[in-house]
Amino acid sequence: MAGLFRKLLPRRFRKDGVTIPVVRLHGAIMAGGSQFRPALNLATIAPVLEKAFSMKGAPAVAISVNSPGGSPVQSRLIYQRIRDLAEEKKKRVIIFVEDVAASGGYMIALAGDEIIADPTSIVGSIGVVSGGFGFPEMLKKIGVERRVYTAGSNKVMLDPFQPEKEKDIEFLKGLQLEIHDVFIGMVKARRGHLLADTPDIFSGLFWTGKRGQELGLVDSLGDMRGELKKRFGAKTQLQLVSASRGLFGRRQPGASLASGMAERFAASAVSGLAEVAEERALWGRFGL
């Protein structure tokens, strides 16, 4: 019936070609976030992915990735949700890299049946990094005494206000190696037959999209609009899928809007500054 009705419409009102849903995964990948600075994580992106993959008649979902990485847990969770939805809805996933898909950003890109990058995009950085600061000497200079009471000999491991201990560093490196092994396994499972035979791929190095194609990290070079129209026809429409209004900053049930507003605003501001600094450092690694 729908097909008959469509044929009866004047040609200028007919909608020819297919519509491809587009999801943008942009930003540093972090758990949490706030109404002032939403983070890229599974909680914020899951409804958008569900909406995109549920679009009837779409043979594929296009996902734009632009991320320097962040939380390995959130990166893998987003990757897994994309793969689960692709199999459930029987849709092809085409990943398009913009400025950068590095570290956790590249982990998400692995969810694509194809990865397409710009020649000047940055891809790779398949490794694990942890960072922080140490302040034990500063405390001495300003005359502050650190007092910590614990049950458990390792509860203050890697405390930034105490000198580093070799055994703590070894423990942290062990965790990093485990996470790195998971990352390497994902890359090999998704792209093992395409990868160049070089250990540099898993060293944490990163490359341009052009070099990434030579190494097997991406399939081809191009842009979203051009590639989708080439594959699905000149009349292909791209439809950006975004979160419903009110998803971020929604008022908590039972919370008073006025009570404690100043305290919550101050806490959010301080937390936001820390998140900005962390995100700036992630982008800065790639000159962005």
Side-chain angles (χ1 to χ4, degrees), residues 15 18-116 186 190 224-225 227-228 232 236-255 257 264-265 267-268 271-272 275-276 278-279 282-283:
K15 187 177 181 181
V18 298
T19 298
I20 304 295
V22 176
V23 176
R24 301 178 79 243
L25 301 183
H26 289 203
I29 305 161
M30 303 176 183
S34 68
Q35 59 182 341
F36 304 105
R37 193 172 188 83
L40 177 57
N41 53 49
L42 181 63
T44 58
I45 203 62
V48 180
L49 291 173
E50 187 71 37
K51 189 188 300 185
F53 279 94
S54 297
M55 189 176 293
K56 294 180 179 179
V61 173
I63 298 179
S64 168
V65 175
N66 191 13
S67 175
S71 165
V73 175
Q74 293 300 322
S75 302
R76 202 198 67 78
L77 288 174
I78 294 172
Y79 159 89
Q80 193 60 56
R81 182 61 58 88
I82 293 171
R83 290 313 314 158
D84 288 346
L85 285 169
E87 293 177 16
E88 176 188 337
K89 305 295 185 180
K90 309 299 181 187
K91 294 188 187 295
R92 188 168 184 79
V93 179
I94 307 175
I95 298 287
F96 292 89
V97 181
E98 292 198 7
D99 295 273
V100 58
S103 195
Y106 185 72
M107 184 183 287
I108 292 175
L110 290 171
D113 296 299
E114 291 180 77
I115 302 176
I116 301 171
M186 292 173 66
R190 296 292 296 171
M224 182 182 290
R225 181 181 175 83
E227 284 294 323
L228 293 179
F232 301 105
T236 299
Q237 300 293 315
L238 279 61
Q239 181 174 326
L240 179 64
V241 181
S242 56
S244 301
R245 188 183 299 271
L247 178 63
F248 302 118
R250 185 177 294 163
R251 183 178 172 183
Q252 293 295 324
L257 186 62
R264 289 198 302 276
F265 182 85
S268 296
S271 176
E275 290 172 0
V276 168
E278 183 179 355
E279 184 174 352
L282 286 169
W283 287 107

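- Counting only heavy atoms from C-beta outward, the side chains of Leu228 and Ile94 approach each other to under 4.5 Å.
- Residues meeting the side-chain contact (heavy atoms from CB on, under 4.5 Å) test with Glu98, sequence neighbours left out: His26, Ser64, Asn66.
- Rounding to the nearest 0.5 Å places CD1 of Ile115 at 11.0 Å from CD1 of Ile63.
- Partners of Pro72 under the side-chain contact (heavy atoms from CB on, under 4.5 Å) rule, at least two apart in sequence or in another chain, are Ile179.
- The shortest heavy-atom contact between Gly27 and Pro68 is O-CD, 3.9 Å.
- Annotation: side chain of Val241 is in contact with side chain of Met55 (closest heavy-atom distance under 4.5 Å).
- In this structure, Arg225 has no side chain to side chain donor-acceptor pair (under 3.5 Å) partners at least two apart in sequence or on a different chain.
- No side-chain heavy atom of Tyr106 sits less than 4.5 Å from a side-chain heavy atom of Val65.
- Asp99 CG to Ser67 OG: the interatomic distance, rounded to the nearest 0.5 Å, is 11.0 Å.
- Of all heavy-atom pairs spanning Ser242 and Val48, the tightest one is C-CG2, 4.0 Å.
- Looking at every heavy atom in both residues, Ala52 comes nearest to Val61 through O-CG2, 3.9 Å.
- Here salt bridge (Lys or Arg N to Asp or Glu O under 4.0 Å) pairs that include residues 50-74, with residues two or more places apart or in two chains, number zero.
- Here the shortest heavy-atom pairing between Phe232 and Ala60 reads CZ-CB, 4.0 Å.
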What donor-acceptor contacts under 3.5 angstrom involve side-chain atoms of residues 75-85, with partners at least two apart or in another chain?
unit_1: Ser75; atom_1: OG; unit_2: Ser71; atom_2: O; d: 2.7
unit_1: Gln80; atom_1: NE2; unit_2: Asp84; atom_2: OD1; d: 3.0
unit_1: Arg83; atom_1: NH1; unit_2: Ala111; atom_2: O; d: 2.7

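- Within the model, atoms CZ of Phe96 and CE of Met224 stand 5.5 Å from one another, a figure rounded to the nearest 0.5 Å.
- Here the straight-line distance linking atom CD1 of Ile116 with atom CD of Glu227 works out to 4.5 Å at 0.5 Å rounding.
- Atom CD of Gln74 is separated from atom CD1 of Ile29 by 9.0 Å, given to the nearest 0.5 angstrom.
- Distance check, rounded to the nearest 0.5 Å: CG of Leu42 to CG of Leu49 gives 8.0 Å.
- When all heavy atoms of Ala58 and Pro21 are compared, the pair lying nearest together is CB-CD, 3.5 Å.
- Of all non-hydrogen atoms in Thr44 and Pro47, the two that sit nearest each other are O-CD, 3.8 Å.
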